[in-house]
**Student:** 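The following block contains the structure, expressed as structure tokens.
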Number of protein chains: 2
Amino acid sequence: MKEIDQSVLRLLRLLQQDCSLALADLAERGGMSQSTAWRKVQELDAAGVIRRRVALLDARQLDLKLCVIAHVTLDDHHEEAIESFSSVVRNHPEIMECYALSGAFDYMLKIRACDVESYEAFMTRHLLRNPHVRNVVSSFVLREMKASTELPI
Amino acid sequence: MKEIDQSVLRLLRLLQQDCSLALADLAERGGMSQSTAWRKVQELDAAGVIRRRVALLDARQLDLKLCVIAHVTLDDHHEEAIESFSSVVRNHPEIMECYALSGAFDYMLKIRACDVESYEAFMTRHLLRNPHVRNVVSSFVLREMKASTELPI
DNA sequence: CACCGATTGATCAATTTCTTTCATGAACTC
DNA sequence: GAGTTCATGAAAGAAATTGATCAATCGGTG
């Protein structure tokens, strides 16, 4: 990928807001011809700047009313402990996000579940059962003030 | 929206993995005819179960190498303090996510920046300057183990 | 200024994809 | 069982994407 100029940034901003835009609209709003828009999007796809296009769904309508932020501390940080924990994270779609952090906790997880019971069940069944997990602190999300996928570009 | 049956769930799962699938592919993988797939997707769009379709970009290539999880505590929880804080969150795209939490902290923020300096600048300029913000604890993301937008359905 | 390469926009044909229409059959009601 | 509604699939038409070509334009360089 070459340098990313202003016109490409405009396309990217539009696409991360709505990738179902027709090429004609995209071009118009991006202030360029359809051919140029097409070529730039091709490049962005090929270069992997556009990683993927996904549909964002409404959690409430799909009965996932609960969202939890959990902070996890492992017992030790040996290869095996980390791999074991990673595997739990990978294999459970309820864990939507997981970041290794600096600071007081090793990991931060964002977890979705239908309700407190099923969260509790998932937790005890899969996370707390893992021998390397020393500590989990769960905070319930009271309100989603912002949940954007748009990078600040 | 009526009840959501298995075939619709299959479509939703596919779409939240890749919404650039052609209708024909979507239908085939979802195990139904193209017309049926089209109609179901229309309904899901209309009902808002599919909230939007977005492009996910590569933060690294866009020079956003830093990701920070910040925990914020407000001074008080009066209308004004909350509104003031909300306004900061709304108006700054660097703050990609913000959740009001139960537990030790009032809010959790996910923030993207190019580097530590610009993060520091943003922080002091916009968050710490806010008179209602009592405390901010920043944890740097060392590794993104998982960052999915797929709901566990 | 003249030249060169790169980028852009316009246009077109081929292909693919989306959307509508229509007919069929199942399920249900009266 | 006749009639109605509803969901389904096939097929046809409309529209958009894809990819290529060509001329015009822009920027830099000798």
Side-chain angles (χ1 to χ4, degrees), chain A residues 1-64 114 149-153, chain B residues 1-64 114 148-151 153:
Chain A
M1 191 66 204
K2 328 177 216 215
E3 82 294 349
I4 289 178
D5 65 8
Q6 280 307 115
S7 64
V8 172
L9 278 185
R10 279 202 301 278
L11 289 183
L12 288 174
R13 285 194 203 105
L14 287 165
L15 287 174
Q16 61 176 350
Q17 281 171 23
D18 180 6
C19 71
S20 66
L21 272 178
L23 194 58
D25 290 347
L26 184 67
E28 189 190 341
R29 299 214 218 170
M32 65 193 79
S33 73
Q34 193 165 323
S35 342
T36 303
W38 183 76
R39 280 188 286 244
K40 302 220 181 212
V41 173
Q42 291 279 315
E43 283 174 25
L44 291 164
D45 275 323
V49 177
I50 298 174
R51 287 196 301 121
R52 55 206 311 223
R53 293 146 210 266
V54 302
L56 301 181
L57 310 183
D58 182 351
R60 191 163 315 165
Q61 288 194 61
L62 292 164
D63 216 31
L64 291 164
C114 355
T149 57
E150 294 174 43
L151 296 177
I153 56 176
Chain B
M1 190 67 205
K2 330 179 218 219
E3 82 293 349
I4 288 179
D5 65 9
Q6 279 308 114
S7 65
V8 171
L9 277 185
R10 279 201 301 279
L11 291 182
L12 288 174
R13 284 193 203 105
L14 288 164
L15 287 174
Q16 62 176 350
Q17 281 172 23
D18 181 5
C19 72
S20 67
L21 270 179
L23 197 57
D25 290 347
L26 185 69
E28 189 189 341
R29 300 213 218 169
M32 65 194 80
S33 75
Q34 189 168 323
S35 339
T36 302
W38 183 79
R39 281 186 283 249
K40 302 220 183 215
V41 172
Q42 289 281 314
E43 283 175 25
L44 291 165
D45 275 322
V49 177
I50 298 173
R51 286 195 301 120
R52 53 207 314 222
R53 293 146 210 267
V54 303
L56 300 181
L57 309 183
D58 182 350
R60 192 163 316 165
Q61 288 195 62
L62 292 164
D63 215 33
L64 291 163
C114 354
S148 174
T149 57
E150 294 173 44
L151 296 176
I153 55 174

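What you see is a predicted model, and the numbers here were worked out from it, not measured in a lab. We use all heavy atoms of the structure for the numbers below, so side chains are in, but hydrogens, waters and symmetry mates are not. Each chain gets a letter, A, B and so on, in the order its sequence line appears, and its residues count up from 1.
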**Student:** To the nearest Å, give me how far apart CG (B/Asp5) and C1' (D/dA7) are.
**Tutor:** 11 Å
**Student:** Please confirm whether the shortest side-chain N or O distance from A/Ser35 to OP1 or OP2 of C/dG9 is below 4.0 Å.
**Tutor:** no
**Student:** Are there more than 12 heavy atoms of other residues, nucleotides or ligands under 6.0 Å from atom CZ of B/Arg29?
**Tutor:** no
**Student:** Mind listing the closest non-hydrogen atom pair of A/Ser7 and A/Lys40 along with its distance?
**Tutor:** OG-NZ, 3.3 Å
**Student:** Once you round it to whole Å, what is the distance between P of D/dA11 and CD of B/Gln34?
**Tutor:** 12 Å
**Student:** Is there a donor-acceptor pair closer than 3.5 Å between any side-chain N or O of A/Arg10 and the backbone N or O of A/Gly30?
**Tutor:** yes
**Student:** Does B/Arg53 offer a backbone N or O that forms a donor-acceptor pair with the side chain of A/Arg53 under 3.5 Å?
**Tutor:** no
**Student:** Check whether any side-chain N or O of B/Gln16 sits under 3.5 Å from a backbone N or O of B/Ile153 as a donor-acceptor pair, and report yes or no.
**Tutor:**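 Not at all, since once roles are kept as given, no pair shorter than 3.5 Å links the two residues.
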**Student:** How do A/Gln42 and B/Ser7 order along DNA chain D: which one's closest nucleotide is nearer the 5' end?
**Tutor:** B/Ser7
**Student:** When the distance from CG of B/Leu11 to P of D/dT8 is rounded to whole Å, what number comes out?
**Tutor:** 11 Å
**Student:** Using a distance-only criterion (donor-acceptor N/O pair, under 3.5 Å, no hydrogens), is the base of D/dG9 paired with the side chain of B/Arg39?
**Tutor:** yes
**Student:** Using a cut-off of strictly less than 4.0 Å, decide whether A/Ser33 has a side-chain nitrogen or oxygen near OP1 or OP2 of C/dG9.
**Tutor:** yes
**Student:** Nearest whole angstrom, please: distance from the P of D/dT18 to the CG of A/Leu26.
**Tutor:** 12 Å
**Student:** Report yes if a side-chain nitrogen or oxygen of B/Trp38 is closer than 4.0 Å to either non-bridging phosphate oxygen (OP1 or OP2) of C/dT19; otherwise report no.
**Tutor:** yes
**Student:** Return no unless some side-chain N or O of B/Lys40 is found under 4.0 Å from OP1 or OP2 of D/dA7.
**Tutor:** no
**Student:** Just the rounded figure in Å: distance from C1' of D/dT18 to CG of A/Leu23.
**Tutor:** 9 Å
**Student:** Above 12 or not: heavy atoms from other molecules or residues under 6.0 Å from CZ of B/Arg13?
**Tutor:**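 Atom CZ in B/Arg13 is crowded, with more than 12 foreign heavy atoms closer than 6.0 Å.
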**Student:** Could you check how far CD of B/Glu43 sits from P of D/dC6, rounded to whole Å?
**Tutor:** 12 Å
**Student:** Note the angle between the end axes of the helix from C/dC1-D/dG30 to C/dC30-D/dG1, five pairs defining each, rounded to 10 degrees.
**Tutor:**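 Here the helix ends are tilted 30° relative to one another.
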**Student:** Between atom CG of A/Leu23 and atom CD of A/Glu28, what is the distance when rounded to the nearest 0.5 Å?
**Tutor:**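 If I round to the nearest 0.5 Å, the distance is 12.0 Å.
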**Student:** CD of A/Gln6 versus C1' of C/dT7: gap in Å, rounded?
**Tutor:**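 Rounding to the nearest Å, CD of A/Gln6 and C1' of C/dT7 are 17 Å apart.
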**Student:** Rounded to whole Å, how long is the line connecting atom CG of B/Asp45 with atom C1' of C/dT19?
**Tutor:** 14 Å
